[in-house]
Amino acid sequence: MNETDSDSLVLGIDIGGTGIKASTVNINSSKLTGKHLKVPTPQPSTPEAILSGINKILSELNWKGPIGSGFPGVIKKGRVFTAANLSKEWIGINIENEFKEFTSNKVAIINDADAAGLAEMKFGAGAEYYRHKGGVVLMVTLGTGIGSALFVDGHLVHNTEFGHIEIDGIDAEKRAATVHKEREDLSWKEWGARVNKYLRTMENLLSPDVFIVGGGVSESSERFFPFINVNAKIVPAQMGNDAGIVGAALAIENQFN
Ligand code: BGC
């Protein structure tokens, strides 16, 4: 590995409602390098439990370099403002400062869907829009919750939280997140209709040029895209489950400015 390669290595961590994933990422190529670790999110998902899990991952990887992490809530200047699918004890914690206990190197914390969006825009389904710096791109991640990442002319509008738009008086993610397909044993058609209603609502509000649909379920897009009827172009995410890790690592680039 030459010097430039090692300078581009960042540990990307994706903290999710059900799992925590980590890998070193070459932020110039988006490639994961070395060991890829995945552990279940501790329950209850308190800051102590999750931070100690991350500490273990870091010792296992023996990582001392920069760290970028995605977190499933609103993050401003490293501080957690919301945590819909994790312990509420997270609210108010400066997660960036907590991570600084683990490394003397750079740390960047970003909303998990924003992270996935950055990865897709730079290296995946949104690359064309990123290159031209034109248009409105809305990435939605379907998983334990619904995450959103909005790009306007190539710029990320952080912390949009469109998974919590109310539709018929109900928080959208409580109906259309993937977890509800599983919990309520919905067919692809039934669940697809919910996703359709969600995307049509977003389309009425934002008129995006393209929707990028991410989350693990995007690998089965052919099963539910037939039930989606929107005017915008709709594409599945291309980076699969790695998008969250790669995008979290990319967040470090802002820290170098
Ligand atoms: C959270 C978002 C997060 C999304 C996906 C939502 O419940 O409020 O911040 O991006 O879940 O994890």
Side-chain angles (χ1 to χ4, degrees), residues 7-25 27 37 39 41-42 44-59 61 63-122 139 141 143-152 155-164 214 242-257:
D7 281 354
S8 335
L9 288 185
V10 175
L11 182 71
I13 303 180
D14 185 11
I15 303 175
T18 46
I20 301 174
K21 292 177 273 180
S23 174
T24 35
V25 177
I27 55 171
L37 294 182
V39 295
T41 307
S45 49
T46 57
E48 295 71 35
I50 289 188
L51 290 169
S52 107
I54 289 172
N55 199 6
K56 279 197 204 112
I57 290 178
L58 295 176
S59 358
L61 295 174
W63 183 253
K64 302 273 182 290
I67 304 176
S69 179
F71 182 90
V74 171
I75 299 286
K76 282 172 103 69
K77 297 200 166 73
R79 190 175 294 283
V80 177
F81 280 72
T82 68
N85 294 302
L86 292 180
S87 159
K88 297 291 173 274
E89 286 179 33
W90 275 103
I91 296 168
I93 290 200
N94 189 315
I95 185 167
E96 193 172 306
N97 288 347
E98 298 292 331
F99 268 65
K100 283 187 178 154
E101 304 279 315
F102 300 144
T103 177
S104 49
N105 220 301
K106 310 247 179 208
V107 173
I109 314 288
I110 181 172
N111 170 267
D112 60 347
D114 287 343
L118 281 179
E120 290 294 338
M121 289 300 279
K122 203 152 177 203
M139 164 131 187
T141 62
T144 315
I146 295 183
S148 58
L150 177 67
F151 292 85
V152 181
H155 297 286
L156 171 62
V157 181
H158 286 260
N159 293 313
T160 47
E161 293 293 318
F162 291 140
H164 298 294
D242 293 343
I245 298 179
V246 173
L250 289 176
I252 206 82
E253 289 178 314
N254 299 332
Q255 308 296 97
F256 289 125
N257 293 335

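Only heavy atoms go into these numbers, but all of them, side chains included; no hydrogens, no water, no symmetry mates.
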Shortest non-hydrogen separation from I15 to P72 and the atoms involved: O-CD, 3.1 Å

Pairwise side-chain contact, L86 with V80, heavy-atom cut-off 4.5 Å (strictly under): no

Qualifying residue, where the test is side chain to side chain contact (heavy atoms under 4.5 Å, CB included) with I20 and the options are L37, D14, I13: I13

Sequence-distant partners of S69, side chain to side chain donor-acceptor pair (under 3.5 Å), two or more places apart: none

Value rounded to 0.5 Å, distance of CD1 in I93 from CG in L51: 7.0 Å

Separation of L156 CG from L250 CG (nearest 0.5 Å): 11.5 Å

Minimum heavy-atom distance A243-A119, with the two atoms named: O-CB, 3.4 Å

Listed partners of T82 passing side chain to side chain contact (heavy atoms under 4.5 Å, CB included), at least two apart: V74, E161

Counterpart residues, ring pair (Phe, Tyr, Trp, His ring centres under 6.0 Å), relative to F102 (two or more places apart): F99

Test salt bridge (Lys or Arg N to Asp or Glu O under 4.0 Å) applied to K64 - qualifying residues, sequence neighbours left out: none

For D112, all residues meeting salt bridge (Lys or Arg N to Asp or Glu O under 4.0 Å), sequence neighbours excluded: none

Listed partners of D242 passing side chain to side chain contact (heavy atoms under 4.5 Å, CB included), at least two apart: L32, H36, V246

Residue list, side chain to side chain contact (heavy atoms under 4.5 Å, CB included) with E48, at least two apart or on another chain: T46, E89

Separation of L61 CG from I67 CD1 (nearest 0.5 Å): 9.5 Å

Those residues that, when tested against T24, pass side chain to side chain donor-acceptor pair (under 3.5 Å) (two or more places apart): T33

Check against side chain to side chain contact (heavy atoms under 4.5 Å, CB included), L58 and T103: CA-CA 9 Å; L58 295 176; T103 177; over 6 Å; no

Set of ring pair (Phe, Tyr, Trp, His ring centres under 6.0 Å) partners for W90, sequence neighbours left out: F71

Those residues that, when tested against H155, pass side chain to side chain donor-acceptor pair (under 3.5 Å) (two or more places apart): none

Side chain to side chain donor-acceptor pair (under 3.5 Å) against K21, all qualifying residues, sequence neighbours excluded: none

Intermediate values then yes/no, side chain to side chain contact (heavy atoms under 4.5 Å, CB included), I50 and T41: CA-CA 7 Å; I50 289 188; T41 307; 3.8 Å; yes

Closest non-hydrogen atom pair, A115 against A248: CB-N, 3.6 Å

Minimum heavy-atom distance between N111 and D114, given as atom pair plus value: OD1-N, 3.0 Å

Residues which pass side chain to side chain contact (heavy atoms under 4.5 Å, CB included) with T18, listed by chain and number, not counting sequence neighbours: T144

Residues, nucleotides or ligands: over 12 heavy atoms within 6.0 Å of K76 NZ: no

